[in-house]
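Remarks on the structure that follows.
Along the sequence shown, residues are numbered consecutively beginning with 1.
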Amino acid sequence: MKSINLHIEKALSFLPEGALEAYAEQTEAANQALEQGTAPGNDFLGWLHLPSSIAPADLARLKATAETLRENCEVVVVAGIGGSYLGTRAVVEALSHSFSWLMPRQKNNPVLIYAGNNISEDYLSELTEYLQGKDFGVINVSKSGTTTETALAFRLLKKQCEDQRGKEMARKVIVAITDARRGAARTTADKEGYASFVIPDNVGGRFSVLTPVGLLPIAVAGFDIEALVQGAVAMEQATAVGTPFRENPCAVYAAVRNALYQNGKKIEILANYHPKLHYIGEWWKQLYGESEGKQHKGIFPAAVDLTTDLHSMGQWIQDGERTIFETVLSIEEPNRSLSVPSDEENLDGLNFLAGKRVDEVNKMAELGTQLAHVDGGVPNLKVTLPQLNEYYLGQLLYFFERACGISGLLLGVNPFDQPGVEAYKKNMFALLDKPGYEAESAALRARLQ
C-alpha cells in the first residue's frame, strides 16, 4: 500500500540554515517521552498504541451494533460535542456522496445527523420537528453524561424516541458510548439496558476518533472501519521511536511547525482543495488548538476550503500580516473522473480547457496558489493522500495525532489537558443558578450590574 506524504520544501527557505535539524534530538526525546509515559499528561496516552491494540472481536461487536441500527433506523443522531463528534463527522463527510442528503435513502443506510454540539433552541426545535414520524436511533457520546450541550440534547432525544417508537424499540436503537463504570450516562445505560461501549479513561476526547466514539457511527454510515484502523496502524508503525528523523513525518511536521513559530509564524492555516475535507479541518482545529493553546503559547489553528475561500480569504493570505504559514491537504487521485467539454461558441473562453479533467484544473489552481503564497511570504507544507478512502484517512488521523503530541512537548506544554475550557462552564452554571454555584452567581451578577 502507498502512504500519505509530507512535503516541506516550500517551508524550509523561510527558516535559518540548520533550523530543522536542530530539532532532531528534541523530537526523538519527545517521541520517547510519549512511548515511555514520562510526558506531561501521561495518563492520557491511550491513543498512542490504540490502533494496533484494537482486536478483531472489538471491531466485530461494533459492526454488529452498527448493523442493528442500520436495520432499524432511517436516521441516527450522534449526540456529542468536540472530540465526541468532530472525528466522526470528519470521516463520514470525507467519504460520503456530496449530495447524499438529497438522494433517496437506500435500505439499511440511515442518514447520520448530529446534535449535542450547541445549545441553540432553534436547532433543537427543528431537529425534533425533523425527527417526527421517523424511525430514528441515538448514539449518545459522553464520558460523564453531564456535559450540558450533549446531556440537554439527549434528554430531548430519549423522550422523543421512547414516545415515537416505544420503550422496547428505544432500548434497541439507543446506544451509549461512555465511561466504563461511573457517570450519569453509564447509570442511564445500565438502568435502561442500552448497548454500550467504553470511552477509555486514558484517551481524551480530541484523540478518540479511533475508539468506539468514532468507529461505531462511522460503521453505521456504512464505511469500512477495519480499513480505517489498518491505515492508522501503518502510520503508528511508520512513526515509532527510533525512526530516523527525516523519515518520521510526525517528527518533521512537529519540528517545522515549531521552527516557524519561533521565527514569528503564529498562525497555521490548514487548506484543502477538496470540499469533502472541510470537517477534517474542523477536527484538526480542535486537536491542535486545545492541545497547544496554553500558558499564553501556541500556534493559532485556522482552516480554509480552497479554491472557494480564495475569493474571500485569499487577499488576506496573500497580502496580510506575515505571521502565517499554510499546510495544504492534497488528494493525488480523485475517486471520479469528469472532463471539460468543448463549446462551439466558447463565450466563456474556456475551450483551452476542453478535454482536460476537472482535477487537472484543480491541481493547477492548487499549484499556482501555493507558488503565489510562497512568493508572498507564506511558508507552505503539503500533506498528500494517494486517494480519499478509509485507509488513507486512518493514516492522516494518526499522523496528526502523534505529531500533535510531539509538537506540544516541543512547545513546552502539556498537550493532553484543557484547563481553559472550564472557565466558561463555571460562569454558565453560576448564571443558570446551578446548585453549588451560589457564591459565583452573586459575584457574576454584581459584575453585570
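- Asn335 and Gln387 form a side-chain donor-acceptor contact under 3.5 Å, judged by distance and modelled atom types alone.
- The local environment of CD in Glu321 is sparse, with at most 12 non-hydrogen atoms from other residues, nucleotides or ligands closer than 6.0 Å.
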Given ring pair (Phe, Tyr, Trp, His ring centres under 6.0 Å), test Trp283 with Tyr279 step by step and report yes or no. CA-CA 6 Å; Trp283 169 81; Tyr279 274 94; over 10 Å; no
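- Counting heavy atoms from C-beta on, the side chains of Val77 and Ile139 never come closer than 4.5 Å.
- Residues forming a side-chain contact (heavy atoms from CB on, under 4.5 Å) with Pro212 (at least two apart in sequence, or on another chain): Leu62, Ile177, Phe197.
- Side chain of Lys294 to main chain of Asp417: a donor-acceptor pair is present (N/O by atom type, distance under 3.5 Å, no hydrogens or angles).
- For the residue pair Glu35/Asn31, the side-chain donor-acceptor check at 3.5 Å is not satisfied.
- Residues meeting the ring-ring contact (aromatic ring centres under 6.0 Å, His included) test with Phe399, sequence neighbours left out: Tyr253.
- Between Tyr398 and Trp47, the ring planes are tilted. Angles from 30° to 60° get that label.
- Between Cys73 and Gly137 the shortest heavy-atom distance is SG-N, 3.5 Å.
- Two residues are said to be in side-chain contact when any heavy atoms from C-beta on lie closer than 4.5 Å; Leu410 and Glu292 fail this criterion.
- Residue Leu396 comes nearest to Val383 through the heavy atom pair CD1-CG1, 3.9 Å, listed as atom of the first residue, atom of the second, then distance.
- Using a distance-only test at 3.5 Å, with no hydrogens or angles considered, a donor-acceptor pair links the side chain of Asn380 to the main chain of Val378.
- Smallest separation of non-hydrogen atoms from Leu287 and Phe400: CD2-O, 3.6 Å.
- Inspection of the Arg206 and Gln418 side chains reveals an N or O donor paired with an N or O acceptor under 3.5 Å.
- We find the CG-CG distance between Asn362 and Leu306 to be 9.5 Å, quoted to the nearest 0.5 Å.
- Taking OH of Tyr424 as the start and OG1 of Thr148 as the end, the distance is 6.5 Å to the nearest 0.5 Å.
- Listed here is the closest heavy atom pair of Leu157 and Ala79: CD1-CB, 4.4 Å.
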Before giving the answer on side-chain contact (heavy atoms from CB on, under 4.5 Å), spell out for Met169 and Gln164 the whole-Å C-alpha distance, their side-chain angles and the decisive distance to 0.1 Å. CA-CA 9 Å; Met169 180 56 76; Gln164 286 183 201; over 6 Å; no
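- Glu390 has its side chain out of reach of Ile225: every pair of non-hydrogen atoms, C-beta onward, lies at least 4.5 Å apart.
- To the nearest 0.5 angstrom, Lys134 atom NZ is 14.0 Å from Cys161 atom SG.
- Asn258 places a side-chain N or O within donor-acceptor distance of the main-chain N or O of Ala254, the cut-off being under 3.5 Å.
- Using a 4.0 Å cut-off between charged nitrogen and carboxylate oxygen, Glu268 and Arg257 count as a salt-bridge pair.
- The OG1 atom of Thr146 lies 12.5 Å from the NZ atom of Lys143; values are rounded to the nearest 0.5 Å.
- Expressed to the nearest 0.5 Å, how far CG of Leu48 lies from OG of Ser53 amounts to 10.0 Å.
- Under a 3.5 Å cut-off, the side chain of Ser208 and the backbone N or O of Gly205 do form a donor-acceptor pair.
- The shortest side-chain heavy-atom distance between Val220 and Leu112 falls under the 4.5 Å cut-off.
- By the 6.0 Å contact criterion, NZ on Lys172 is open, its count of non-hydrogen atoms from other residues, nucleotides or ligands being 12 or less.
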Please walk me through it: do Gln262 and Tyr23 pass side-chain contact (heavy atoms from CB on, under 4.5 Å)? CA-CA 12 Å; Gln262 295 303 322; Tyr23 280 93; 3.6 Å; yes
Would Lys63 and Glu67 count as a salt bridge (Lys or Arg N to Asp or Glu O under 4.0 Å) if you check the C-alpha gap in whole Å, the side-chain angles of each, and the deciding distance to 0.1 Å? CA-CA 6 Å; Lys63 289 165 69 175; Glu67 196 56 35; over 6 Å; no
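- For the pair Thr27/Asn248, no side-chain contact is recorded, criterion being any heavy-atom separation below 4.5 Å from C-beta on.
- Taking a 6.0 Å sphere around CZ of Arg105, one finds it holds more than 12 heavy atoms contributed by other residues, nucleotides or ligands.
- No donor-acceptor distance shorter than 3.5 angstrom exists from the side chain of Thr188 to the backbone of Ala185, with no hydrogens or angles considered.
- Listed here is the closest heavy atom pair of Thr150 and Ile81: OG1-N, 3.6 Å.
- Under the 6.0 Å distance and 45° angle rule, Lys285 does not count as a cation-pi partner of Tyr288.
- Environment of CH2 in Trp316: crowded, with over 12 heavy atoms of neighbouring residues, nucleotides or ligands closer than 6.0 Å.
- Exactly one of His49, Arg402, Gln395 qualifies for a side-chain hydrogen bond (donor to acceptor under 3.5 Å, both in side chains) with Glu236. That residue is His49.
- By the 4.5 Å heavy-atom criterion applied to side chains, Leu15 and Asn263 are counted as neighbours.
- Salt-bridge check for Lys158 with Glu192: passed, with a basic side-chain N closer than 4.0 Å to an acidic carboxylate O.
- The side-chain tip of Lys266 points at the ring of Tyr261 from less than 6.0 angstrom away and within 45° of straight on.
- Looking at Asp359 and Arg336, no side-chain N of the basic residue comes within less than 4.0 Å of a carboxylate O on the acidic one, giving no salt bridge.
- Defined by atom type and a distance below 3.5 Å, a donor-acceptor pair is missing between the side-chain atoms of Ser144 and Arg186.
- When ring centroids are compared, Phe207 and Phe416 come within the 6.0 Å threshold.
- The minimum heavy-atom distance between His278 and Asp305, with the atom names listed, is ND1-OD2, 2.7 Å.
- Atom CG in Asn272 sits 8.5 Å away from atom CD1 in Ile331 (nearest 0.5 Å).
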Set out, in order, the CA-CA distance, both residues' side-chain angles and the distance that settles side-chain contact (heavy atoms from CB on, under 4.5 Å) for Leu371 and Leu367, then state yes or no. CA-CA 6 Å; Leu371 294 172; Leu367 179 58; 4.2 Å; yes
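- Checking side-chain atoms of Ser120 against main-chain N and O of Tyr123 turns up a donor-acceptor pair under 3.5 Å.
- Contact annotation: the side chain of Ser142 never approaches that of Thr178 to less than 4.5 Å [non-hydrogen atoms, C-beta and beyond].
- Inter-residue side-chain proximity for Lys265 and Val256 is flagged as unmet; no heavy-atom pair is nearer than 4.5 Å.
- Between the side chain of Arg357 and the backbone N or O of Ser339 there is no donor-acceptor pair closer than 3.5 Å.
- A salt bridge (Lys or Arg N to Asp or Glu O under 4.0 Å) with Lys382 is found for one member of Glu326, Glu366, Glu9 and no other, namely Glu366.
- The backbone N or O of Tyr392 lies less than 3.5 Å from a partner atom in the side chain of Asn389, making a donor-acceptor pair.
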